[in-house]
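Accompanying notes for the structure given below.
Chain naming here is simple, since letters A, B, ... match the order of the sequence lines and numbering starts at 1 in each. Keep in mind the model is a prediction, meaning the values are calculated, not measured.
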Amino acid sequence: MADRYEPSAFESKWQKRWEDAELFLTREEEGRPKFYGMDFFPYPSGAGLSVGHCRNYVPTDVICRMKFMQGCNVLHPMGFDAFGLPAENEAIKRKTHPAPMIDQYAANYKRQMDLVGISYDWSRSFKSSDPSYYKWTQWIFELLYKKGLAYRKLAAVNWDPVDKTVLADEEIVGGRAERSGAIVEKKWIPQWFFKITDYAQRLIDDLDSVDWPDGIKAQQRNWIGRSDGVQFTMRVVFPDQSDLSDRYDLDADPERQPPNAQRRSLHFDVFTTRIDTIFGMTFCVLSPEHAIVEHISARVDDQHKRAIADYQQHAKLMSEADRTATNREKTGVFTGAYAVNPANGKHVPIWIADYVLATYGTGAIMAVPGHDERDFEFAQKFSIPVIPVIAPHQVAAVFEKVEDRSGWQIKFGKEGLTVLTPFASDPGQSPSGAQSSPQEEGGLPFVAKDGVMINSGEYSGLTVAEGQRKLGEWIEALGIGERKIQYKLRDWLISRQRYWGCPIPVIHSAEGELQLVPESELPVYLPDVENYEPAGDGSSPLAHIDDFVNVCDRDGRLGQRETDTMGGFACSSWYFLRFCDPGNDDEAWDKAKAEYWMPVDCYVGGAEHAVMHLLYARFWTKVLYDEGLVSVLEPFQRLQNQGQVLALTPYRKPVEGEVLDLGEEGILVSFEEAKKLEEDQVLWRWARMSKSKGNVVTPDEAKEQYGADALRMYLLFVAPFNADVNWSSEGMQGSVRFLSRVFKLVTELQPLYEPNWRHHIEFEPMDERAAALRRATHQTIRDCTADIDRFQFNTYVSWLMKYVNAITDSQPKAKEPSKAYELAASEALESLILLLAPGAPHSADELWEQIGNQGFTYHQAWPSFQEKLAVEETATIAVQVNGKLRDALRMPVGTPEREAVDAAKASPKVQSHLAGKTIRKIIYVPDKLVSIVAN
RNA sequence: GCCGGGAUGGCGGAAUGGUAGACGCGACGGUCUCAAAAACCGUUGUACCAAAAGUACGUGCGGGUUCGAGUCCCGCUCCCGGCACCA
C-alpha cells in the first residue's frame, strides 16, 4: 500500500487497463446529454510533443472526463492534419516520402498523448491525408464549385519563393510568408479561390452567437473589415475641355458601369466612408494599376504620359513588402487630368499614387487632406490646398457667424482645429472657443468623427452624421452612386503548387472547359511518386506526372487533370464533422449523427489560428448549413485559447558587429555552449519551446522524472488557462508533493472507510467535527465543479489542495473518531478521489482501488453537493468605521441586523474609533459587514 | 496609428462593489538525523515598535462616484498580442 505518489508503480498499469476496457470509446446512449470536446487538429511534427502541447490537451481532457462522469455522452476525438507544407518540407529535407513519415510522426504523437493519459477515442481517429478522408474534402470542393463558390481566375497572388508556392492572404504577415519567412512576391498565375466574401456579413453577424474570447472575435471582425460608405462616379475632364468626345469603353469593364448618367464620358468610381467631407476634396488619387489610367494617359500631353508610365513602372517593380512598409514617404504623379466634384462642380487634379490600393474598394479615392492623415501627408508633399470642412461644435458656432472670413485661417494641431483670426494679435477680439495659439508647420489634420460641417455650401451647419445621411441620399437621388458596404476580406486562395495536399477534382477538357470529376470516381488519388519537389516555376509537381495528368474528359476525349492541390486549411475546415461519423464510406457524414454531436461544445487551441482556420471552418459550416447538410450555423460554440509554456533559454551577448534576429536580444546558444561561457555573458530568457531553441521539455521526460499526473496537475495549477507560463521544476516538485499528500491522507483515513456511508450518514447525528468536514466536502464539490466549467483549472486545483489540508486538520488527534466522523470521512475520501479524477486520473483510479473499490473512477458519478451542507454556520462580520476595518465579529449565520449592529457598537475596538463622534448612518450587509458612518 | 488583453507580496496567482493577498512556490525558523536529503510543524505585504498590541501605508499613475473601489466612471503610463496607407 502506497502512502506516497509513486507514479512508476501504477500509471502505466492504469493506461493499459483503460485501453483493455475500451474505456474511452464514444457512447451514443439515449437519454444522456451530449458533450463534444475537441482540440485543434494538430500537424504531427517530427519533433514530437512538448509539455507545451499538453497544456492544450490536458484541460480539454479534464472537462471531458468530468462531463462523462456527470452523465454525458462525450465525443473527445483526436486526428492529424497531415497534409500540407510543413510535412512536405520536412520530408524533402529528410529525403523521404511524406506519407510513411507522417504515419510515423502521428504514431509518436498518439504514443505521447497516451503517456499523459488523455482520454481520446482513438477508434475515431484519422489523418487528413487518408484517401477515405480526402475523398470527402474533394466532395465538398465539388459542392462549393456547383454552388458557384469555387472559381478559377488569373490573379496576382502571393508567391513564396522559398516554399515555391502561392499563399493565402491570411498566411502573409507583414509582407513575409508566415511559415518560411520569405519576402512574398507578386505573381500572375491562374488560381483557385473560394468565395468567402459572399459570406462576409454572416461571418460578422454570427460571431454574436458564439462564446469565444473577445480578442478572437475582434480579430475576425477586423479581418473581415466592414466599412459603411458611399460609392459614386466622378467625371474626368481635361484642360482642353473636350472630355465629352472621349469614350471610355464601358462594356469591357461591366463592374465599373455607372447607374445611368454619363455613359459617354470618361469616369471612375470612388468609395468613401466620409461623404460628409466631400466639399473638402482637393484632389483624387487612382492606384497605378487602375484600368482608367490608360485612357487618361491616351488623352494627356507627352510630358504627363511619360510621368504616368514611369510611375506605373516604378510601382510594378516594387515588392509588396516595400510598398506596404510603414511610414513610407508618399509618392505619386499628376496625370494631367481633372475630376469634377459632383457636390460643387469644382475641378480637382487626378493623381496616381501607390498609397491607394488597387485591391480595395474601387482602387480610386476622393482625397480630403483636411480630414485624412494620408491625404494630408500627400497634399503637404505636393503643395495641394487643404480645405477644412468639419469643425468641432464650439468652433463651428463662432465660425459660421462671421460674414467676412477673409484673412481667417484654419490650422490643425494635436488639440484639434484652430481658427486664426485677422485680429489674433489682439486677444480681446478673438472669438471665444477659438484658440489662436501659434501653430507649428505641418500639423495633423483634424480627423473629425464628430463635429459640424463648414465650408460645405447648403450642408454647412449639419453634424457629421446628418451630413452623411443627407449627402448619401442626394447622391442616390442624382443617380451617380449609392450607399455601399465594403469589406477588406478577400476571397480565399486555395490552390497550392505543391505535391502533398488534397488533389483538386477538376479536369480541363480539350476545349479548356472545367469539368468536375464525377462523384462516383472520387477520390482523385494523390499519385504515389518518388520525386515530388516543387519545380519553382509556378507549376505543380503533379503537372509533370503524365499518368496523373492525362485523363479522359466527360466526352471521352483527352483532357488534363488540375494539378494544383488544396492548401491544408481546406482539410481542417470540416474534420470536426467527420469525427461525428468517421467510418462512413457512403457519405461524408450521416446527417443525423452530425446533428446529434454538433456544434463542438468546447474547442481548445492556440490563438494563432484566430483568422485562418477559425474563419475558414465557419465559412464551410455556413455553406453546408445552406445545403441542409448540417444543422448549425456555427461549428464551435465555445472556444478557449491556452497559454504557451515558456522555457528558460540561453542567449549570448552579441559581439560587436553581430546582427540580431528580429525581436531577439541576444544570440541563441545551446545549453552546452552556455555552460562554457562566463556567467555574465549569458542572458537567460523565457522563450517558447521549440526544437530550434533546444529548450523543449517533452512529456516523456516529465513523466519519467515526475509522473504523468504530476505533469497534468502542474499544467493545470501553474497559471490561469489562457496565460503563458514559465516552466519550472520547482513547480513540478510542488505537484508531486501535493499528490503524495493525497496518498498519505487516503492511507491514513482508509481504516475509517465505510463503503456504505451513503445509507447511514443522514441518520447519524453529526457532531461538530463531522459537520465541519461535510461542509468542506460540499463546498469543495461546488467550487471544483464550477471552476472546471469556467475553465479555471488553477483554482480547481487550489480547492483540492485546500480540501486536503482541511481533511488533514479535521482528524481527531487524541481520541477515537466518532461514528459520525467516520461516515463524514468516508464521504470525504470518495469525494476527494472523484474530484481528483479528471486532473490526476491515474492516481484517482489507484486510490479508488486502494480503498477497496473496483473499476474505474471514470465510471463513477461525479459528486454532487447539497447547498444546505455547504453553508457556513457562523459568519465573520467585518465592522467598518468610516470605511476602515476596525473589527471582525464571529456571529451565527442569519444574525438579524439589530443584533449584529449592537454587537458591533459594543466592540471596544469600534468604540475607541467612535469616541466623541455622532453616528450618522449604519449599513448592514447580512453575514458580511456592519459599516458605521460617524463624525 | 487602430483593435483586443493586461499591470495585485520575492515569484505564479486568488478575490459576485463588502476582512486584499486564497492556493502554491521560494525564503526564514524549528522537529527528526552523526549529517544531509525527504517529510512534518511554524513564520512570511511594507513601515513604525525589542516584541506583542496597535497605528499608518498598500492592487501601474492622476482624478471621480460610493458608507465602502483591485473591482465602476473619466484621463494617462507601460507591457503583451493582432492589424496596419483598407479611403
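- Crowding of A:Glu872 atom CD: a count of heavy atoms from other residues, nucleotides or ligands under 6.0 Å exceeding 12.
- Rounding to whole angstrom units, CG of residue A:Leu885 and C1' of B:rA56 are separated by 14 Å.
- Among the nucleotides B:rG24, B:rG5, B:rG82, the one closest to the side chain of A:Gln219 is B:rG82.
- Taking the six-membered ring for Trp and the full ring otherwise, the centers of A:Phe283 and A:Phe378 sit less than 6.0 Å from each other.
- B:rG9 takes the syn form, because its glycosidic angle lies no more than 90° either side of 0.
- Within 4.0 Å of A:Ala218, counting heavy atoms only, lie sugar-phosphate atoms of the nucleic acid but no base atom.
- Map A:Thr808 and A:Asn794 each onto its nearest nucleotide of RNA chain B; the residue landing nearer the 5' end is A:Asn794.
- Within 3.5 Å, no donor on the side chain of A:Lys884 pairs with an acceptor on the base of B:rU55, nor the reverse.
- The main-chain N or O of A:Ile390 is found under 3.5 Å from a side-chain atom of A:His371 such that the two form a donor-acceptor pair.
- Put simply, A:Arg741 has no side-chain N or O that comes within less than 4.0 Å of OP1 or OP2 on B:rC23.
- Within 4.0 Å of A:Val925, counting heavy atoms only, lies at least one base atom of the nucleic acid.
- Between A:Tyr616 and A:Trp492, the ring-plane angle classifies as parallel under the 30° and 60° cut-offs.
- One finds a side-chain N or O of A:Lys909 lying less than 4.0 angstrom from the OP1 or OP2 phosphate oxygen of B:rG54.
- B:rU44 sits 14 Å from B:rG54 when the P atoms are compared, rounded to a whole Å.
- Of the P atoms belonging to B:rC40 and B:rG24, the separation is 11 Å, rounded to the nearest Å.
- Between the C1' atoms of B:rA87 and B:rC76, the separation comes to 31 Å (whole Å).
- With RNA chain B read from its 5' end, the first of the two nearest nucleotides for A:Glu730 and A:Thr273 is the one closest to A:Glu730.
- Rounded to a whole Å, the CG atom of A:Asn805 is 10 Å from the P atom of B:rC40.
- Between the side chain of A:Glu373 and the base of B:rG1 there is no donor-acceptor pair of N/O atoms closer than 3.5 Å.
- No donor-acceptor pair closer than 3.5 Å links the side chain of A:Asp3 to the backbone N or O of A:Phe743.
- Of the side-chain N and O atoms in A:Lys921, one or more sit less than 4.0 angstrom from OP1 or OP2 of B:rC67.
- The phosphate of B:rC11 (OP1 or OP2) has no side-chain N or O of A:Ser728 nearer than 4.0 angstrom.
- As rounded to the nearest Å, B:rA51 and B:rA47 have P atoms that lie 11 Å from one another.
- Separating the P atom of B:rA14 from that of B:rG21 is a span of 15 Å, rounded to the nearest Å.
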